[in-house]
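Just below is one structure, and these are the notes that go with it.
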Protein chains: 2
Amino acid sequence: MPRERESAAEPAGGRRPLSRELIVREAIAFIDDEGITALTMRALAGRLGVEAMSLYRYVNGREDLLEAVVGSLVERIEVAPPDDEGLAANWHGYLQWLAHSVRDVALQHPAIFPLVATRHPAATWLRPPLRSVRIVEQFLTTLIQHGFREEQAVEIYRVFTSFLLGQLLLEVAARGESTAPVQVPLDEGDADVPNRDEELDIARFPTVARLRSLLSEDHSQAEFERSLEALLDRLDLLFAQ
Amino acid sequence: MPRERESAAEPAGGRRPLSRELIVREAIAFIDDEGITALTMRALAGRLGVEAMSLYRYVNGREDLLEAVVGSLVERIEVAPPDDEGLAANWHGYLQWLAHSVRDVALQHPAIFPLVATRHPAATWLRPPLRSVRIVEQFLTTLIQHGFREEQAVEIYRVFTSFLLGQLLLEVAARGESTAPVQVPLDEGDADVPNRDEELDIARFPTVARLRSLLSEDHSQAEFERSLEALLDRLDLLFAQ
DNA sequence: ACCCGTGGTTTACAGCGTAAGTCTGTCTCC
DNA sequence: GGAGACAGACTTACGCTGTAAACCACGGGT
(Lines give C-alpha, C1' and ligand atoms only; values in the text may rest on other atoms or scores of the structure.)
Protein backbone atom coordinates (compact mmCIF):
# COMPACT_ATOMS: atom_id res chain seq x y z
CA MET A 1 0.00 0.00 0.00
CA PRO A 2 1.47 3.29 -1.09
CA ARG A 3 2.21 5.92 1.44
CA GLU A 4 -0.76 8.20 1.79
CA ARG A 5 -0.56 11.59 0.14
CA GLU A 6 -1.84 14.58 1.99
CA SER A 7 -3.43 15.91 -1.14
CA ALA A 8 -5.59 13.68 -3.21
CA ALA A 9 -5.86 16.36 -5.87
CA GLU A 10 -2.87 15.13 -7.83
CA PRO A 11 -4.08 14.78 -11.41
CA ALA A 12 -1.61 12.00 -12.13
CA GLY A 13 0.55 14.44 -14.00
CA GLY A 14 3.28 14.42 -11.39
CA ARG A 15 2.71 18.14 -11.09
CA ARG A 16 3.21 19.63 -7.69
CA PRO A 17 0.25 21.66 -6.51
CA LEU A 18 0.61 25.38 -6.97
CA SER A 19 1.57 27.54 -4.04
CA ARG A 20 2.95 31.00 -3.47
CA GLU A 21 6.34 29.62 -2.57
CA LEU A 22 6.50 27.42 -5.64
CA ILE A 23 5.53 30.30 -7.89
CA VAL A 24 8.12 32.61 -6.40
CA ARG A 25 10.79 29.94 -6.64
CA GLU A 26 9.95 29.32 -10.27
CA ALA A 27 9.94 33.05 -10.98
CA ILE A 28 13.46 33.33 -9.59
CA ALA A 29 14.62 30.45 -11.76
CA PHE A 30 12.90 32.04 -14.72
CA ILE A 31 14.62 35.38 -14.25
CA ASP A 32 17.94 33.64 -13.77
CA ASP A 33 17.42 31.85 -17.06
CA GLU A 34 15.78 34.40 -19.29
CA GLY A 35 16.05 37.77 -17.65
CA ILE A 36 13.53 39.94 -15.97
CA THR A 37 11.89 41.42 -19.04
CA ALA A 38 11.06 37.96 -20.33
CA LEU A 39 9.12 37.22 -17.18
CA THR A 40 5.47 37.55 -18.09
CA MET A 41 2.59 36.06 -16.22
CA ARG A 42 1.73 33.82 -19.14
CA ALA A 43 5.27 32.64 -19.67
CA LEU A 44 5.75 31.85 -16.01
CA ALA A 45 2.44 30.05 -15.90
CA GLY A 46 3.40 28.08 -18.97
CA ARG A 47 6.56 26.96 -17.24
CA LEU A 48 4.46 25.74 -14.36
CA GLY A 49 2.13 23.93 -16.77
CA VAL A 50 -0.73 26.13 -15.81
CA GLU A 51 -2.81 29.01 -17.10
CA ALA A 52 -1.78 32.60 -16.35
CA MET A 53 -4.79 33.46 -14.29
CA SER A 54 -4.19 30.59 -11.95
CA LEU A 55 -1.25 32.46 -10.52
CA TYR A 56 -3.50 35.23 -9.35
CA ARG A 57 -4.92 33.09 -6.59
CA TYR A 58 -1.53 33.11 -4.89
CA VAL A 59 0.03 36.29 -6.12
CA ASN A 60 -1.42 39.73 -6.20
CA GLY A 61 -0.38 40.62 -9.72
CA ARG A 62 2.99 40.97 -11.31
CA GLU A 63 4.19 43.76 -9.08
CA ASP A 64 3.44 41.74 -6.00
CA LEU A 65 5.23 38.78 -7.53
CA LEU A 66 8.38 40.84 -8.04
CA GLU A 67 8.12 42.09 -4.49
CA ALA A 68 7.93 38.51 -3.34
CA VAL A 69 10.93 37.58 -5.45
CA VAL A 70 12.98 40.36 -3.91
CA GLY A 71 11.71 39.44 -0.48
CA SER A 72 12.66 35.83 -0.98
CA LEU A 73 16.20 36.79 -1.88
CA VAL A 74 16.50 39.11 1.07
CA GLU A 75 15.28 36.29 3.29
CA ARG A 76 18.16 34.17 2.15
CA ILE A 77 20.69 36.52 3.61
CA GLU A 78 22.00 34.83 6.72
CA VAL A 79 21.88 37.09 9.72
CA ALA A 80 24.33 35.44 12.06
CA PRO A 81 27.49 33.45 11.47
CA PRO A 82 27.63 29.90 12.77
CA ASP A 83 28.76 29.84 16.39
CA ASP A 84 31.57 27.43 15.83
CA GLU A 85 33.62 29.78 13.71
CA GLY A 86 34.03 32.40 16.36
CA LEU A 87 33.18 35.08 13.84
CA ALA A 88 30.63 36.61 16.15
CA ALA A 89 33.31 37.15 18.74
CA ASN A 90 34.49 40.36 17.10
CA TRP A 91 32.59 42.79 14.99
CA HIS A 92 35.12 42.66 12.20
CA GLY A 93 34.32 39.00 11.83
CA TYR A 94 30.62 39.65 11.93
CA LEU A 95 30.64 42.37 9.28
CA GLN A 96 32.92 40.33 7.09
CA TRP A 97 30.64 37.37 7.34
CA LEU A 98 27.53 39.44 6.63
CA ALA A 99 29.13 41.08 3.62
CA HIS A 100 29.93 37.72 2.14
CA SER A 101 26.47 36.42 2.85
CA VAL A 102 24.95 39.29 0.89
CA ARG A 103 27.54 38.87 -1.83
CA ASP A 104 26.73 35.20 -2.23
CA VAL A 105 23.08 35.88 -2.78
CA ALA A 106 23.83 38.72 -5.19
CA LEU A 107 26.18 36.66 -7.32
CA GLN A 108 23.87 33.68 -7.37
CA HIS A 109 21.15 35.79 -8.94
CA PRO A 110 22.88 38.54 -10.87
CA ALA A 111 19.80 39.36 -12.90
CA ILE A 112 17.76 40.01 -9.79
CA PHE A 113 20.20 41.91 -7.65
CA PRO A 114 19.81 45.23 -9.47
CA LEU A 115 16.12 44.95 -8.67
CA VAL A 116 16.91 44.41 -5.02
CA ALA A 117 19.33 47.29 -5.08
CA THR A 118 16.92 49.79 -6.57
CA ARG A 119 13.75 48.64 -4.85
CA HIS A 120 15.31 47.94 -1.50
CA PRO A 121 18.29 49.96 -0.72
CA ALA A 122 18.85 50.02 3.00
CA ALA A 123 16.93 53.24 3.31
CA THR A 124 13.67 51.49 2.53
CA TRP A 125 14.21 48.32 4.48
CA LEU A 126 12.32 49.68 7.40
CA ARG A 127 9.15 50.55 5.58
CA PRO A 128 6.34 48.14 4.97
CA PRO A 129 6.52 45.59 3.61
CA LEU A 130 9.20 45.08 6.25
CA ARG A 131 11.54 42.82 4.45
CA SER A 132 14.68 42.82 6.39
CA VAL A 133 14.15 44.24 9.82
CA ARG A 134 15.74 41.18 11.23
CA ILE A 135 18.96 41.93 9.40
CA VAL A 136 19.00 45.49 10.66
CA GLU A 137 18.12 44.37 14.16
CA GLN A 138 20.93 41.84 14.21
CA PHE A 139 23.32 44.37 12.77
CA LEU A 140 22.60 47.04 15.33
CA THR A 141 22.52 44.78 18.36
CA THR A 142 25.75 43.09 17.38
CA LEU A 143 27.57 46.36 17.00
CA ILE A 144 26.12 47.84 20.15
CA GLN A 145 26.99 44.81 22.18
CA HIS A 146 30.51 45.13 20.91
CA GLY A 147 30.75 48.51 22.49
CA PHE A 148 29.60 50.98 19.86
CA ARG A 149 27.29 53.79 20.80
CA GLU A 150 23.86 53.72 19.22
CA GLU A 151 24.50 56.58 16.83
CA GLN A 152 27.73 54.98 15.81
CA ALA A 153 25.99 51.71 15.07
CA VAL A 154 23.44 53.46 12.91
CA GLU A 155 26.11 55.38 11.05
CA ILE A 156 28.13 52.26 10.46
CA TYR A 157 25.01 50.56 9.20
CA ARG A 158 24.57 53.28 6.61
CA VAL A 159 28.17 53.31 5.53
CA PHE A 160 28.35 49.56 5.37
CA THR A 161 25.21 49.28 3.30
CA SER A 162 26.11 51.87 0.74
CA PHE A 163 29.50 50.22 0.42
CA LEU A 164 27.94 46.84 -0.27
CA LEU A 165 25.42 48.27 -2.69
CA GLY A 166 27.96 49.98 -4.89
CA GLN A 167 30.45 47.19 -4.77
CA LEU A 168 28.00 44.46 -5.68
CA LEU A 169 26.15 46.44 -8.31
CA LEU A 170 29.43 46.93 -10.09
CA GLU A 171 30.55 43.37 -9.69
CA VAL A 172 27.29 41.94 -10.94
CA ALA A 173 27.40 44.22 -13.96
CA ALA A 174 30.99 43.31 -14.71
CA ARG A 175 30.29 39.60 -14.57
CA GLY A 176 27.19 39.92 -16.69
CA GLU A 177 29.36 41.59 -19.31
CA SER A 178 32.12 39.07 -19.49
CA THR A 179 29.77 36.11 -19.68
CA ALA A 180 27.22 37.68 -21.98
CA PRO A 181 27.28 36.27 -25.50
CA VAL A 182 28.34 38.91 -27.98
CA GLN A 183 25.12 40.29 -29.37
CA VAL A 184 25.47 39.70 -33.08
CA PRO A 185 22.32 41.02 -34.74
CA LEU A 186 21.84 38.16 -37.20
CA ASP A 187 19.50 40.41 -39.12
CA GLU A 188 19.62 40.75 -42.85
CA GLY A 189 22.84 42.35 -43.99
CA ASP A 190 20.95 45.54 -44.67
CA ALA A 191 22.23 47.08 -41.47
CA ASP A 192 24.52 49.89 -42.49
CA VAL A 193 27.72 50.06 -40.48
CA PRO A 194 26.45 52.26 -37.67
CA ASN A 195 28.84 51.34 -34.90
CA ARG A 196 32.03 52.38 -36.61
CA ASP A 197 31.86 55.80 -35.09
CA GLU A 198 30.98 54.14 -31.82
CA GLU A 199 34.36 52.49 -31.83
CA LEU A 200 36.77 53.80 -29.30
CA ASP A 201 38.29 56.97 -30.67
CA ILE A 202 41.95 56.38 -29.95
CA ALA A 203 42.91 59.90 -30.88
CA ARG A 204 40.49 61.50 -28.46
CA PHE A 205 40.79 58.94 -25.68
CA PRO A 206 44.35 57.67 -25.72
CA THR A 207 44.56 56.78 -22.06
CA VAL A 208 41.40 54.72 -22.03
CA ALA A 209 42.54 53.03 -25.21
CA ARG A 210 45.92 52.22 -23.75
CA LEU A 211 44.53 50.95 -20.46
CA ARG A 212 41.58 49.18 -21.94
CA SER A 213 42.60 45.68 -21.01
CA LEU A 214 43.48 46.84 -17.53
CA LEU A 215 40.06 48.45 -17.24
CA SER A 216 38.22 45.37 -18.32
CA GLU A 217 40.08 42.97 -16.11
CA ASP A 218 37.93 41.36 -13.51
CA HIS A 219 39.40 41.83 -10.08
CA SER A 220 36.04 41.75 -8.41
CA GLN A 221 36.78 39.07 -5.87
CA ALA A 222 40.14 40.40 -4.73
CA GLU A 223 38.95 43.97 -4.90
CA PHE A 224 35.92 43.16 -2.85
CA GLU A 225 38.03 41.65 -0.12
CA ARG A 226 40.46 44.53 -0.17
CA SER A 227 37.82 47.22 -0.12
CA LEU A 228 36.02 45.46 2.68
CA GLU A 229 39.20 45.30 4.70
CA ALA A 230 39.80 48.96 4.04
CA LEU A 231 36.32 49.87 5.18
CA LEU A 232 36.71 47.94 8.39
CA ASP A 233 40.06 49.51 9.08
CA ARG A 234 38.56 52.89 8.52
CA LEU A 235 35.78 52.13 10.96
CA ASP A 236 38.43 51.03 13.40
CA LEU A 237 40.14 54.35 13.10
CA LEU A 238 37.00 56.39 13.20
CA PHE A 239 35.54 54.78 16.24
CA ALA A 240 38.64 53.73 18.07
CA GLN A 241 37.44 52.55 21.39
CA MET B 1 10.19 94.07 -38.21
CA PRO B 2 10.38 90.93 -36.20
CA ARG B 3 13.58 89.03 -36.13
CA GLU B 4 13.62 86.40 -38.82
CA ARG B 5 13.04 82.77 -37.84
CA GLU B 6 15.26 80.13 -39.27
CA SER B 7 12.41 77.69 -39.72
CA ALA B 8 9.50 78.67 -41.89
CA ALA B 9 7.70 75.41 -41.12
CA GLU B 10 6.09 76.76 -37.99
CA PRO B 11 2.39 75.80 -38.28
CA ALA B 12 1.34 78.81 -36.22
CA GLY B 13 0.67 76.48 -33.31
CA GLY B 14 3.67 77.69 -31.39
CA ARG B 15 4.85 74.07 -31.39
CA ARG B 16 8.54 73.54 -31.82
CA PRO B 17 9.39 71.04 -34.53
CA LEU B 18 10.13 67.58 -33.24
CA SER B 19 13.69 66.46 -32.83
CA ARG B 20 15.56 63.75 -30.99
CA GLU B 21 16.85 66.22 -28.46
CA LEU B 22 13.44 67.68 -27.81
CA ILE B 23 11.93 64.24 -27.34
CA VAL B 24 14.64 63.14 -24.94
CA ARG B 25 14.33 66.36 -22.98
CA GLU B 26 10.60 65.98 -22.70
CA ALA B 27 11.00 62.34 -21.66
CA ILE B 28 13.27 63.38 -18.83
CA ALA B 29 10.78 65.96 -17.67
CA PHE B 30 8.03 63.37 -17.94
CA ILE B 31 9.88 60.85 -15.80
CA ASP B 32 10.69 63.52 -13.27
CA ASP B 33 7.01 64.37 -13.06
CA GLU B 34 5.24 61.06 -13.29
CA GLY B 35 7.77 58.32 -12.87
CA ILE B 36 9.29 55.91 -15.27
CA THR B 37 6.45 53.40 -15.46
CA ALA B 38 4.07 56.13 -16.54
CA LEU B 39 6.25 56.89 -19.52
CA THR B 40 4.55 55.35 -22.51
CA MET B 41 5.08 56.31 -26.09
CA ARG B 42 1.52 57.59 -26.41
CA ALA B 43 1.65 59.59 -23.22
CA LEU B 44 4.93 61.21 -24.15
CA ALA B 45 3.69 61.94 -27.64
CA GLY B 46 0.54 63.45 -26.20
CA ARG B 47 2.63 65.76 -24.09
CA LEU B 48 4.41 66.89 -27.21
CA GLY B 49 1.09 67.41 -28.98
CA VAL B 50 1.83 64.72 -31.47
CA GLU B 51 0.92 61.14 -32.34
CA ALA B 52 2.85 58.25 -30.83
CA MET B 53 4.25 56.95 -34.09
CA SER B 54 5.78 60.31 -34.88
CA LEU B 55 8.39 59.67 -32.23
CA TYR B 56 9.66 56.66 -34.11
CA ARG B 57 11.22 58.84 -36.77
CA TYR B 58 13.69 60.15 -34.18
CA VAL B 59 13.84 57.38 -31.65
CA ASN B 60 14.36 53.71 -32.23
CA GLY B 61 11.64 52.48 -29.93
CA ARG B 62 11.13 52.82 -26.24
CA GLU B 63 14.30 51.02 -25.25
CA ASP B 64 16.38 53.33 -27.39
CA LEU B 65 14.60 56.31 -25.89
CA LEU B 66 15.52 55.20 -22.38
CA GLU B 67 19.10 54.68 -23.49
CA ALA B 68 19.10 58.21 -24.83
CA VAL B 69 17.66 59.52 -21.59
CA VAL B 70 20.41 57.84 -19.61
CA GLY B 71 22.98 59.06 -22.10
CA SER B 72 21.74 62.59 -21.84
CA LEU B 73 22.09 62.55 -18.08
CA VAL B 74 25.56 61.09 -18.29
CA GLU B 75 26.47 63.83 -20.74
CA ARG B 76 25.57 66.41 -18.16
CA ILE B 77 28.26 65.28 -15.82
CA GLU B 78 30.97 67.89 -15.98
CA VAL B 79 34.35 66.38 -16.59
CA ALA B 80 36.66 69.13 -15.44
CA PRO B 81 36.37 71.79 -12.77
CA PRO B 82 36.59 75.43 -13.85
CA ASP B 83 40.18 76.58 -13.99
CA ASP B 84 39.70 79.53 -11.74
CA GLU B 85 38.97 77.49 -8.65
CA GLY B 86 42.28 75.73 -8.61
CA LEU B 87 40.52 72.44 -7.98
CA ALA B 88 42.41 70.76 -10.74
CA ALA B 89 45.65 71.59 -9.01
CA ASN B 90 45.36 68.61 -6.69
CA TRP B 91 43.64 65.34 -7.25
CA HIS B 92 41.66 65.61 -4.02
CA GLY B 93 40.07 68.71 -5.44
CA TYR B 94 39.38 67.02 -8.74
CA LEU B 95 37.74 63.95 -7.25
CA GLN B 96 35.71 66.04 -4.89
CA TRP B 97 34.50 68.17 -7.70
CA LEU B 98 33.65 65.20 -9.89
CA ALA B 99 31.77 63.50 -7.07
CA HIS B 100 29.63 66.55 -6.57
CA SER B 101 29.01 66.89 -10.25
CA VAL B 102 27.64 63.37 -10.40
CA ARG B 103 25.70 63.93 -7.22
CA ASP B 104 24.06 67.04 -8.61
CA VAL B 105 22.80 65.21 -11.65
CA ALA B 106 21.59 62.29 -9.56
CA LEU B 107 19.65 64.45 -7.14
CA GLN B 108 18.16 66.54 -9.91
CA HIS B 109 16.60 63.44 -11.42
CA PRO B 110 16.05 60.98 -8.61
CA ALA B 111 13.62 58.90 -10.63
CA ILE B 112 16.14 58.35 -13.38
CA PHE B 113 19.30 57.75 -11.43
CA PRO B 114 18.48 54.15 -10.49
CA LEU B 115 18.18 53.49 -14.20
CA VAL B 116 21.59 54.99 -14.78
CA ALA B 117 23.00 53.00 -11.91
CA THR B 118 21.73 49.66 -13.13
CA ARG B 119 22.16 50.18 -16.84
CA HIS B 120 25.46 51.99 -16.63
CA PRO B 121 27.55 51.09 -13.72
CA ALA B 122 31.12 51.99 -14.44
CA ALA B 123 31.84 48.49 -15.63
CA THR B 124 29.76 49.02 -18.74
CA TRP B 125 30.78 52.54 -19.55
CA LEU B 126 33.39 51.34 -21.95
CA ARG B 127 31.14 49.22 -24.11
CA PRO B 128 29.13 50.52 -27.00
CA PRO B 129 27.21 52.65 -26.89
CA LEU B 130 30.18 54.46 -25.41
CA ARG B 131 28.47 56.87 -23.15
CA SER B 132 31.07 58.23 -20.91
CA VAL B 133 34.50 57.49 -22.22
CA ARG B 134 35.35 61.11 -21.89
CA ILE B 135 34.70 60.95 -18.16
CA VAL B 136 36.89 57.91 -17.77
CA GLU B 137 39.57 59.45 -19.95
CA GLN B 138 39.61 62.64 -17.94
CA PHE B 139 39.63 60.67 -14.71
CA LEU B 140 42.57 58.51 -15.65
CA THR B 141 44.70 61.25 -17.19
CA THR B 142 44.14 63.55 -14.25
CA LEU B 143 45.21 60.96 -11.75
CA ILE B 144 48.15 59.82 -13.81
CA GLN B 145 49.37 63.33 -14.32
CA HIS B 146 49.22 63.80 -10.57
CA GLY B 147 51.72 61.03 -10.18
CA PHE B 148 49.68 57.85 -9.84
CA ARG B 149 50.79 54.77 -11.67
CA GLU B 150 48.41 53.47 -14.33
CA GLU B 151 47.22 50.49 -12.36
CA GLN B 152 46.64 52.71 -9.38
CA ALA B 153 44.58 55.10 -11.44
CA VAL B 154 42.43 52.26 -12.72
CA GLU B 155 41.95 50.86 -9.25
CA ILE B 156 41.02 54.24 -7.85
CA TYR B 157 38.57 54.64 -10.67
CA ARG B 158 36.86 51.43 -9.64
CA VAL B 159 36.81 52.22 -5.96
CA PHE B 160 35.61 55.73 -6.55
CA THR B 161 32.81 54.64 -8.83
CA SER B 162 31.44 51.94 -6.60
CA PHE B 163 31.56 54.39 -3.74
CA LEU B 164 29.54 56.95 -5.66
CA LEU B 165 27.08 54.37 -6.88
CA GLY B 166 26.20 53.05 -3.46
CA GLN B 167 26.15 56.40 -1.79
CA LEU B 168 23.89 58.05 -4.34
CA LEU B 169 21.56 55.10 -4.77
CA LEU B 170 20.91 55.20 -1.05
CA GLU B 171 20.53 58.94 -0.90
CA VAL B 172 18.12 59.07 -3.80
CA ALA B 173 16.04 56.32 -2.25
CA ALA B 174 16.02 58.06 1.13
CA ARG B 175 14.88 61.34 -0.37
CA GLY B 176 12.21 59.66 -2.42
CA GLU B 177 10.85 58.17 0.76
CA SER B 178 10.66 61.28 2.81
CA THR B 179 9.03 63.31 0.08
CA ALA B 180 6.71 60.61 -1.21
CA PRO B 181 3.08 61.20 -0.31
CA VAL B 182 1.83 58.48 1.99
CA GLN B 183 0.10 56.04 -0.29
CA VAL B 184 -3.41 55.91 1.10
CA PRO B 185 -5.37 53.40 -0.98
CA LEU B 186 -8.60 55.42 -1.19
CA ASP B 187 -10.37 52.25 -2.22
CA GLU B 188 -13.67 51.21 -0.77
CA GLY B 189 -13.37 50.40 2.92
CA ASP B 190 -13.58 46.72 2.09
CA ALA B 191 -9.83 46.33 2.56
CA ASP B 192 -9.33 44.11 5.57
CA VAL B 193 -6.63 45.34 7.91
CA PRO B 194 -3.71 43.48 6.31
CA ASN B 195 -0.81 45.61 7.43
CA ARG B 196 -1.26 45.26 11.15
CA ASP B 197 1.11 42.32 11.26
CA GLU B 198 3.39 44.29 8.99
CA GLU B 199 3.81 46.80 11.76
CA LEU B 200 7.16 46.82 13.42
CA ASP B 201 7.20 44.00 15.94
CA ILE B 202 8.66 45.78 18.94
CA ALA B 203 9.07 42.57 20.87
CA ARG B 204 11.12 40.90 18.20
CA PHE B 205 13.03 43.96 17.04
CA PRO B 206 13.54 46.17 20.06
CA THR B 207 16.70 47.85 18.86
CA VAL B 208 15.31 48.86 15.51
CA ALA B 209 12.18 50.09 17.24
CA ARG B 210 14.18 52.14 19.70
CA LEU B 211 16.48 53.62 17.08
CA ARG B 212 13.83 54.11 14.48
CA SER B 213 13.91 57.88 14.41
CA LEU B 214 17.69 57.79 14.32
CA LEU B 215 17.54 55.37 11.41
CA SER B 216 15.16 57.46 9.40
CA GLU B 217 17.00 60.73 9.87
CA ASP B 218 18.37 62.15 6.71
CA HIS B 219 22.03 62.89 7.04
CA SER B 220 22.68 62.31 3.38
CA GLN B 221 24.43 65.55 2.65
CA ALA B 222 26.73 65.55 5.66
CA GLU B 223 27.31 61.84 5.37
CA PHE B 224 28.17 62.16 1.74
CA GLU B 225 30.80 64.77 2.46
CA ARG B 226 32.21 62.78 5.34
CA SER B 227 32.35 59.50 3.45
CA LEU B 228 33.95 61.21 0.51
CA GLU B 229 36.59 62.72 2.75
CA ALA B 230 37.21 59.35 4.30
CA LEU B 231 37.60 57.72 0.92
CA LEU B 232 40.10 60.33 -0.19
CA ASP B 233 42.07 59.99 3.02
CA ARG B 234 42.14 56.28 2.52
CA LEU B 235 43.44 56.70 -0.99
CA ASP B 236 46.07 59.03 0.41
CA LEU B 237 47.19 56.36 2.79
CA LEU B 238 47.04 53.55 0.32
CA PHE B 239 48.99 55.26 -2.38
CA ALA B 240 51.20 57.52 -0.35
CA GLN B 241 53.61 58.97 -2.82
C1' DA C 1 4.46 69.94 -64.39
C1' DC C 2 6.52 66.48 -62.19
C1' DC C 3 8.74 64.09 -58.46
C1' DC C 4 10.46 63.05 -54.21
C1' DG C 5 12.10 63.60 -49.47
C1' DT C 6 10.50 65.18 -45.01
C1' DG C 7 7.49 64.87 -41.14
C1' DG C 8 3.89 63.63 -39.67
C1' DT C 9 -1.00 60.55 -39.23
C1' DT C 10 -3.88 56.37 -39.58
C1' DT C 11 -4.66 51.84 -39.21
C1' DA C 12 -3.66 47.38 -37.52
C1' DC C 13 -1.84 43.73 -34.71
C1' DA C 14 0.18 40.76 -31.33
C1' DG C 15 1.12 40.47 -26.62
C1' DC C 16 0.66 42.27 -22.07
C1' DG C 17 -1.66 42.43 -17.15
C1' DT C 18 -5.77 41.37 -15.15
C1' DA C 19 -11.16 41.69 -13.88
C1' DA C 20 -14.85 38.64 -13.99
C1' DG C 21 -17.18 34.50 -14.84
C1' DT C 22 -17.14 29.44 -15.18
C1' DC C 23 -16.16 24.74 -14.73
C1' DT C 24 -14.69 20.56 -11.90
C1' DG C 25 -13.42 17.62 -8.55
C1' DT C 26 -13.16 16.93 -3.54
C1' DC C 27 -14.60 17.62 1.49
C1' DT C 28 -18.19 17.96 4.88
C1' DC C 29 -22.30 17.38 7.07
C1' DC C 30 -26.76 15.36 7.14
C1' DG D 1 -25.95 8.28 -0.59
C1' DG D 2 -27.02 13.23 -1.56
C1' DA D 3 -26.39 18.20 -1.20
C1' DG D 4 -24.05 22.13 -0.78
C1' DA D 5 -19.86 24.56 -0.12
C1' DC D 6 -15.62 25.50 -1.75
C1' DA D 7 -10.90 25.56 -3.45
C1' DG D 8 -8.27 25.51 -7.53
C1' DA D 9 -7.97 25.63 -11.78
C1' DC D 10 -9.52 27.24 -16.82
C1' DT D 11 -11.96 30.60 -20.16
C1' DT D 12 -13.28 34.73 -21.83
C1' DA D 13 -12.85 39.52 -22.42
C1' DC D 14 -11.04 44.25 -22.05
C1' DG D 15 -8.05 48.05 -22.25
C1' DC D 16 -3.50 49.31 -22.91
C1' DT D 17 1.09 48.65 -24.57
C1' DG D 18 4.94 48.87 -28.27
C1' DT D 19 5.41 49.01 -32.97
C1' DA D 20 5.16 47.51 -38.22
C1' DA D 21 3.33 49.28 -42.37
C1' DA D 22 0.82 51.99 -45.19
C1' DC D 23 -0.71 56.42 -46.08
C1' DC D 24 -1.03 61.41 -46.72
C1' DA D 25 0.37 66.65 -46.97
C1' DC D 26 3.34 69.60 -48.66
C1' DG D 27 7.34 72.43 -49.84
C1' DG D 28 11.18 72.85 -52.84
C1' DG D 29 14.23 71.36 -56.98
C1' DT D 30 14.46 70.31 -61.53
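Computed over heavy atoms, backbone and side chain alike; hydrogens, waters and symmetry mates excluded. Chain letters run A, B, ... following the sequence lines, proteins first, then strands; residues in each count from 1. Bear in mind the structure is a predicted one, so any value in this text is a computation, not a measurement.
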> Got more than 12 heavy atoms from elsewhere within 6.0 Å of CG, Leu22(B)?
Replying inline: yes
>> Quick check: do Val79(A) and Phe139(A) have side-chain heavy atoms less than 4.5 Å from each other?
In response: no
>> Rounding to an integer number of Å, can you tell me how far Ile36(A) CD1 sits from dC16(C) C1'?
In response: 16 Å
> Along nucleotides 17-25 of chain D, 5' to 3', which nucleotides get a B, which get an S, and which get a -, given that the test is a protein heavy-atom distance under 4.0 Å?
Replying inline: BBBBB----
> Can you tell if the side chain of Glu26(B) reaches within under 4.5 Å of the side chain of Leu44(B), non-hydrogen atoms only?
Replying inline: yes
>> Whether Glu67(B) and Arg119(B) form a salt bridge (side-chain N of Lys/Arg under 4.0 Å from carboxylate O of Asp/Glu) is what I want to check.
In response: yes
> His100(A) vs Phe224(A) aromatic rings, parallel, tilted or perpendicular, using cut-offs 30° and 60°?
Replying inline: perpendicular
>> Whole angstroms only, please: what is the CG-P distance between Leu44(A) and dG15(C)?
In response: 18 Å
> Between atom CZ in Arg20(A) and atom P in dG8(D), what is the gap in whole Å?
Replying inline: 14 Å
> Phosphate oxygens OP1/OP2 of dG7(C): is one of them under 4.0 Å from a side-chain N or O of Ser54(B)?
Replying inline: no
> Below 4.0 angstrom, N of the basic side chain to O of the carboxylate: do Glu21(A) and Arg25(A) qualify?
Replying inline: no
> Nearest of dT10(C), dT11(D), dG8(C) to any side-chain atom of Glu51(B)?
Replying inline: dT10(C)
